[in-house]
Q: 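Structure in structure tokens, see below.
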There are 2 protein chains.
Amino acid sequence: MSNRKASVDADPADTPIDPPADPPRVAGSTGRGKGRQGDVRLNRDVVLRAALDLVDAEGLEALSMRRLGNRLGKDPMALYRYAENRDALLDGLTELLLDQWIVAKADDASSWQGQLREAAHDFRALVLAHRHVVPLLVTRPLSTPMGLRPLGALRPLEQILAVLSSAGFEPADALHAYRAYYGFLIGHILNELEEFVVNPDEDELGLKLGLHRLPKKDFPHLRELAPMLLNYDGEAELEQGITILLQGLEAQLRSAPTTD
Amino acid sequence: MSNRKASVDADPADTPIDPPADPPRVAGSTGRGKGRQGDVRLNRDVVLRAALDLVDAEGLEALSMRRLGNRLGKDPMALYRYAENRDALLDGLTELLLDQWIVAKADDASSWQGQLREAAHDFRALVLAHRHVVPLLVTRPLSTPMGLRPLGALRPLEQILAVLSSAGFEPADALHAYRAYYGFLIGHILNELEEFVVNPDEDELGLKLGLHRLPKKDFPHLRELAPMLLNYDGEAELEQGITILLQGLEAQLRSAPTTD
DNA sequence: CCGTAGCATCTACAGCGTAGAGCGATGGTG
DNA sequence: CACCATCGCTCTACGCTGTAGATGCTACGG
């Protein structure tokens, strides 16, 4: 996988975190002389958090069982007690993230529109804080058939349905509304992340040059947009979109008590 | 990677396609005695098409340089003349797909709304015919900063901008409209594919059972939807969504000739 | 004291992407 | 004709991956 850098020497995730100087694997003596860092018992949460850290810091490709194990000061195989698979571990990651998305806060007494609007912004903030996990968020569900997804990943769905339901949507309509809502959210996030350039200073040039590279007779409109692509305000764009969407839902709610 | 089946024996992609009985690698004699299948010269298109075939047939994980090479009757390393990287090969795949998405057909003299509506349905059809590529479609752009994307992948964008522009949208508004449009499209496809169950007969049970598994006091709304999740009409849902979206765009076009 | 169970580790295997060198045919130039 | 560069391809090898299976260590109930 792109080999990253080959053996430069000290890669942040290749060494345990807590004790800075300590041979991670001594082979012979199986931690008899106090395995330090390795002594803390693992549990699912610790593993998942470490995985998320690793992904946040170095991207999805950096998350291998070996590297994760190393970071926890444990043998890679130890992880399999808490995640069965690498795939399951990835599912765990999405769960860990979605679990932090609280759609209907307890003390929130605002309108359903207000709740959905706030939830959308929360979602954006949450996800932007862990951009590297986004691919998981959109691809994992494609291979896990809904009913079999981790509970934590279904809770937001349920909560949104609850909000919509108490707003007066019939079940079927609530489902449609949910799809529109979540589809929009995901679509927006993908859009925003595509626009995102890692290093603005350097990449402003890179982007312009990139677009400059386009044959100007084949891509007139696209090239004209170059300046606009550089100051993209995701927050504003989301707000604008969600407003339109909520208006649409409102209209639908007022007009037809039942559909399909 | 999930090990698939271990060595069962004849895996469809592990053997060359054309000559059914022939040791793929004889080692010693470098194809001196008429390398049959291996004699056809490769080119980028052949490689990409084979890759797409492989992915369509066996999923993304099955696409390895070695398996692809094997399928083409060539050494894996031969592919690197046409794709530099495995990543580049994946980019090539998305390009190959998006290149088939013709947004504004030459003979189409309908309204811009009509064009966008038709394009949306085309996109859906195209993508559903290659479901396994969808993850690439949504994740590859996240790691390639717009201006550096393969030209074929930018053409649809340009075409949509053209349609919007000739509809009267100012460049900035056209960009916003494009984002809403494409974002919606992607969101819908992801929604639809999540709903999709591989084997309806068997999975109808699986799905119901899956939902049945949910604690009924924590997921009342979701469980109520179980029956509805089973007859999902993607086409209709898309049509309905696109209609709303187009209405929104129309309104925006009529109200404000310029924005931001 | 001996099981017994749970956690962690060791070892090993098949597969992966790909760098680097090499090989045979082709085609242009002396 | 001989020569040599170039192209398409193959070979070999390295370091990495996920994970099956056996093995050990530690703690606890009898």
Side-chain angles (χ1 to χ4, degrees), chain A residues 1-9 11 13-14 16 23-44 46-47 51 54 58 60-70 72-90, chain B residues 1-9 11 13-14 16 23-44 46-47 51 54 58 60-70 72-90:
Chain A
M1 273 93 174
S2 79
N3 208 2
R4 294 173 359 80
K5 212 63 152 308
S7 48
V8 191
D9 208 12
D11 212 321
D14 284 350
R25 288 296 85 246
V26 206
S29 70
T30 319
R32 240 323 256 102
K34 274 297 188 51
R36 310 210 204 308
Q37 147 85 359
D39 276 2
V40 290
R41 277 283 249 300
L42 289 187
N43 63 59
R44 187 148 207 272
V46 170
V47 170
L54 184 49
E58 308 191 48
L60 266 183
E61 314 228 307
L63 178 58
S64 75
M65 303 306 260
R66 288 169 146 97
R67 302 240 290 155
L68 182 54
N70 212 321
L72 289 164
K74 288 277 192 314
D75 187 283
M77 291 311 279
L79 305 175
Y80 285 81
R81 193 160 299 272
Y82 310 99
E84 176 157 307
N85 256 352
R86 179 166 189 267
D87 278 6
L89 192 130
L90 297 181
Chain B
M1 271 77 174
S2 81
N3 209 1
R4 293 173 356 82
K5 213 59 156 308
S7 49
V8 191
D9 209 13
D11 212 321
D14 284 350
R25 287 297 80 246
V26 208
S29 69
T30 319
R32 240 324 257 98
K34 273 299 189 51
R36 309 211 202 306
Q37 148 84 3
D39 276 1
V40 291
R41 280 283 250 301
L42 289 187
N43 63 59
R44 188 149 206 271
V46 169
V47 169
L54 184 50
E58 308 190 50
L60 264 184
E61 314 228 306
L63 179 58
S64 75
M65 302 306 261
R66 288 168 145 98
R67 302 240 291 152
L68 183 54
N70 211 321
L72 288 164
K74 289 277 192 314
D75 187 283
M77 291 311 279
L79 305 174
Y80 284 81
R81 192 158 300 269
Y82 310 99
E84 181 156 304
N85 254 352
R86 180 168 187 266
D87 278 5
L89 192 128
L90 297 181

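Residue numbers start from 1 in every chain, and the chains themselves are labelled A, B, ... in the order their sequence lines are given, proteins ahead of strands. The analysis underlying the following values was restricted to heavy atoms, covering all of them including side chains, and did not include hydrogens, waters or symmetry mates.
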Q: Does D:dC7 have OP1 or OP2 under 4.0 Å away from a side-chain N or O of B:Tyr80?
A: no
Q: Take the protein atom CG of A:Leu60 and the nucleotide atom P of D:dT17, then report the distance between them rounded to whole Å.
A: 15 Å
Q: Using whole Å, report how far CG of A:Leu63 lies from P of D:dT19.
A: 12 Å
Q: Determine whether A:Arg67 and A:Leu63 satisfy the following criterion, side-chain contact (heavy atoms from CB on, under 4.5 Å), listing intermediate values before the conclusion.
A: CA-CA 7 Å; A:Arg67 302 240 290 155; A:Leu63 178 58; over 6 Å; no
Q: Enter the distance from B:Asn85:CG to B:Leu79:CG here, rounded to the nearest 0.5 Å.
A: 12.0 Å
Q: Rounded to whole Å, please give me the gap between CZ in B:Arg67 and C1' in C:dG17.
A: 15 Å
Q: Suppose we screen for side chain to side chain contact (heavy atoms under 4.5 Å, CB included). Which residues come up paired with A:Ala83, at least two apart in sequence or across chains?
A: A:Leu89
Q: From C-beta outward on B:Tyr82, which listed nucleotide comes closest to its side chain: C:dC7, D:dT10, D:dG8?
A: D:dG8
Q: Rounded to the nearest angstrom, tell me the gap between atom CG in A:Leu68 and atom P in C:dA8.
A: 13 Å
Q: Does C:dG17 have its OP1 or OP2 closer than 4.0 Å to a side-chain nitrogen or oxygen of B:Asn85?
A: no
Q: Has A:Tyr82 got a side-chain atom pairing as donor or acceptor with A:Val47's backbone, closer than 3.5 angstrom?
A: no
Q: If you only use heavy atoms from C-beta on, which nucleotide in D:dG8, D:dA20, D:dT12 is closest to the side chain of A:Met77?
A: D:dA20
Q: Which nucleotide wins on minimum distance to the side chain of A:Ser64, given the candidates C:dC16, D:dG18, C:dA8?
A: D:dG18
Q: Would you please name every residue forming a salt bridge (charged side-chain N to carboxylate O under 4.0 Å, His left out) with A:Arg44, sequence neighbours left out?
A: A:Glu95
Q: Between atom CG in B:Leu89 and atom P in C:dC16, what is the gap in whole Å?
A: 14 Å
Q: Please give, in whole Å, the distance from D:dC16 P to A:Asn70 CG?
A: 12 Å
Q: If you check the B:Arg66 side chain, which of C:dC16, D:dT17, C:dC10 turns out closest?
A: C:dC16
Q: Has the side chain of B:Arg81 got a donor or acceptor that lies under 3.5 Å from a partner of the other kind on the base of D:dG8?
A: yes
Q: Considering only side-chain heavy atoms of A:Arg41, which listed nucleotide, D:dC9, D:dG18, C:dA8, is closest?
A: C:dA8
Q: Taking the side chain of A:Met65 as its heavy atoms from C-beta onward, which of C:dG17, D:dG18, C:dC16 lies nearest to it?
A: D:dG18
Q: Could you state the atom-to-atom distance from NZ of B:Lys74 to P of D:dC11 in whole Å?
A: 12 Å
Q: Could you give the CG-to-P distance, from B:Leu72 to D:dC9, as a whole number of Å?
A: 10 Å
